[in-house]
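See structure below.
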Amino acid sequence: MLYRNTFFTTIVCLITLAGFAGPAQDTGRRAPQTARQRISINDGWRFIRYTGEPDTLIYDARPLVTDRNDNKVADTRASEAGVATSSIHALKSWILPSANPFIKDPARRHARPDGNPGSDFPFVQAGFDDSHWQRVDLPHDWAIKGPFYEGEHAVVGGGMGRLPSQGVAWYRRKLDIPSTDRGRSIYLDIDGAMSYAMVWVNGKLAGGWPYGYNSFRLDLTPYLKYNGNDQLAIRLDNPSNSSRWYPGGGIYRNVWITKVSPVHVAQWGTFVQTSAISASSAMVDIKVNIDNESAVDQVVEVRTDVYRTKDMTGKIASFSSESATVPAGKTVELKSAVTIKSPLLWKPIRNPNLYAAVTHVYVKGRLVDEYETRFGIRSVVFDPEKGILMNGAPLRVQGVNQHHDLGALGAAFNVRAAERQLELLRDMGCNAIRLAHNPPAPELLDLTDRMGFLVIDEIFDCWEKGKTPLDFHLIFPDWHEADIRSFVRRDRNHPSVIAWSFGNEVGEQYTADSGAVLARQLHDIVHDEDSTRPATASMNYAKPDMPFPREMDILCLNYQGEGIRDAPAYAHLKGIRTSPLYPAFRQRFPGKMIVSSETASALSTRGTYIFPVTDGISAPVSDSTGGDPVNRCVSAYELYTAAFGASPDKVFAAQDHNSYVAGEFVWSGWDYIGEPTPYYSARSSYSGVIDLAGFKKDRFYLYQSRWRPDHPMAHILPHWTWPGRVGKITPVHVFTSGDEAELFLNGRSLGRKKKGPYEYRLRWDSVVYQPGELHVITYKSGKVWAADTVRTAGDAVRLQLKVDSGAGRTGRSLIKADGKDLAFVTVRIVDSRGVLVPMANNDITFEIAGPGEIVATDNGDPADLRSFPSKERKAFNGMALVIVRAMPGRVAESARLTRRIIVTARSKGLGEGRVVIMSN
Ligand code: GAL
């Protein structure tokens, strides 16, 4: 059976009175006062971390944490659910009703109990004086500024990133909702708050949402006073020991007020699909859910028009208009269809064309709502033999896993920072992202739509069985349905999303039938919301003969395809041991496509090389092989891995031996905060192909050599500045998209080598180090293809600064003065000829002049525990990063004037380096 996924997909965009830039001439529409407004309320919050006597406002009792060890191998088996030991008075019953719109069976929905817990707590009172609280704008991550906790028994250990994300915090803000809004429905839309959010409005508990990664809406209408002075108070509670990685803390995504007529398109209320796509036409179906929050039944008419998004000029098609009676307090779904002629398809990476559907809702001929839905037209077939067929053509999955943090910027979502992550990955040849292991900021999927990445959208890292004592398993029984339905409903229209994952390496893989029964339930919830995409969960343990994989539409294997701890170098390790399982899965499930949703877990520290080098192609890192426990680094020969991992070379070979496998998602694209295997006294991971600062590790070029075979490239490692190694064996490896190479040391040939079958690097393992110049010339099919040179560096003499290049070649030295756009400035320590001094670790001090600010600095060293906002940063292996934001300018001024921001870096003995950034 082929799994087909052919449909129109959508980004939901809400039309604001001020912000809509649609083709007014074509529709003649002018938004009336009653139309939808979506207003950002990101600015002007007051914030405090609560350190007083424990309040009595906890969501629910929690089990006592007995095992605080966060240094477990990632494939440790998940445990039984913890048991709550406290009889504390909890607010859960008042929060659960927020889930109701996402609970299908009315009998299972929650009634709100009487009472108004928390009303006597000072912070929720409208009159409370919060002027001494910190003033913050959202998105806000309270923990990212640190300081890092150091040492073995830290409150927050390496697993969660050593940053102070734990504890209770409050946010307060006034809302200016005028009396003219009476009669409208007013909603609070929170894209993400970490975690256990509870919201009071004018002292009344309005609801909340525990899972910190999901977006949610609360209806504020019953609680408002409409006097321009309504008071919001939000309590967040982030337990320590609740995550395997850095969760961040705070309202770390955007927050909106949505104002609509009582009759309106429901939250995430459109879904567009097609039944047939060809070059000449595409059949499109749209479902529109209309909510009637008024007290009387309403007859509605719904009309939807289609536009190309690039220009939004001219309607290209209209769905047939539909009408229905929506009973008071109910929701009705209207369906309609249209044929699009000569559709411009959404094509990954190169041509991700997008469309927009604009839905109008009329009551008695009066326009009451407008709702814009962006979409792309593409078909995806999940073929067990050929892998992914995108619009009919095979497309190999060249993917990576990405966590949600943005390095030194933390969890607070920033579009430019996320775009930079994707730009660098695209340069490597990456075309797919698995969102490990939680729903992203909505804007991330706008980016993957626009940039043409395929996405596996994933929601959970655990179900009933927890991986850390206080993680999601505690709320799974009450919340999984609402979380899954809201997740799918929010994201189901994005063309980039090709599959849903409802679990990663869950403990239920081990429980035979009962785990499979639960998997089936979750699978069916996903399909009830969207039957057009495959629903799956990633498996690092479940085997072909077990019940668990039967429940999956496609088979997402973590590490099992290439085998786990199965090579001789791994023989002494305890844990899951698996021979390469691609063939066995294929044989047992001939109708299901197989893709590796996690591969490699290769580990390295940029620019660090440790000797001797293993002569195998894959080895587990240890303190004596590939690892340096003193400096907490891992060798970047790119041969060392986590205990259950495999080097890229080993993964490539396994995939090439089994050509029906659709491709892979490497663990991981970028380093992320937390999970610093193998050195838990550090702060951030070692598994990224790109380090936390955004600097490429050598592995980047190994993937590029495979994923961009037509791009002439060659890359030599290691660097060639080894004063202590003269006369010593210093292996040289070359990554190239060519097939052959000749290496020269100081002009002398060290031999020409050709890649053998299932070989992906060329290695000269017995080179004896002499300072000077290493040069490689690579060949493809006998013709010169690409070259690379590394030179021994002299003394460090200066600092070289460069702004990130973005998508263009010239560099992003002009950024927007909107308070959000960022410039990422790289500092390199170089010798008199401009050669990077590869082990330079000089202290650098940063300064800024003009209308900009330094947001954070970093150097990509997982063991650097200096706080991110510090303006002083040691270079790490010759490099450092400073992230700059332009201060928001006044509109009139910024429209015309370009303002100069000068970033200066100074280091003793190296003078100063500068870069000028313009902002407007
Ligand atoms: C996997 C897990 C990931 C991450 C990775 C680390 O087993 O699914 O979340 O922990 O290992 O190498």
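None of the values given here were measured: they were computed from a predicted structure. Remember, it's 1-based here, ligands and their atoms both numbered in the order they're listed.
A search for side chain to side chain contact (heavy atoms under 4.5 Å, CB included) contacts involving Ser635 returns Ile610, Tyr637, Tyr640, not counting sequence neighbours. The side chain to side chain contact (heavy atoms under 4.5 Å, CB included) search around Gln398 returns Arg396, Asn431, Trp707, not counting sequence neighbours.
Using the six-membered ring where Trp is involved, Tyr211 and Phe460 have ring planes that are tilted, between 30° and 60° apart. Between Tyr672 and Trp667, the ring planes are perpendicular. Angles over 60° get that label, and only those under 30° would be called parallel.
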Pairs under 3.5 Å, nitrogen or oxygen of ligand 1 with protein nitrogen or oxygen:
| unit_1 | atom_1 | unit_2 | atom_2 | d |
| --- | --- | --- | --- | --- |
| ligand 1 | 7 (O) | Glu505 | OE1 | 2.7 |
| ligand 1 | 7 (O) | Glu505 | OE2 | 2.8 |
| ligand 1 | 8 (O) | Asn504 | ND2 | 3.0 |
| ligand 1 | 8 (O) | Glu505 | OE1 | 3.2 |
| ligand 1 | 8 (O) | Glu505 | OE2 | 3.2 |
| ligand 1 | 8 (O) | Glu598 | OE1 | 3.1 |
| ligand 1 | 8 (O) | Glu598 | OE2 | 2.7 |
| ligand 1 | 9 (O) | Arg244 | NH2 | 2.7 |
| ligand 1 | 9 (O) | His437 | NE2 | 2.5 |
| ligand 1 | 10 (O) | Arg244 | NH1 | 2.8 |
| ligand 1 | 10 (O) | Glu675 | OE1 | 3.1 |
| ligand 1 | 10 (O) | Glu675 | OE2 | 2.4 |
| ligand 1 | 12 (O) | Ser601 | OG | 2.5 |

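Remark: Asp545 CG is packed, more than 12 non-hydrogen atoms of other residues, nucleotides or ligands lying under 6.0 Å away.
Under the ring pair (Phe, Tyr, Trp, His ring centres under 6.0 Å) criterion, the residue pairs touching residues 542-577 are Trp463-Phe548, Tyr559-Phe644, with sequence neighbours excluded.
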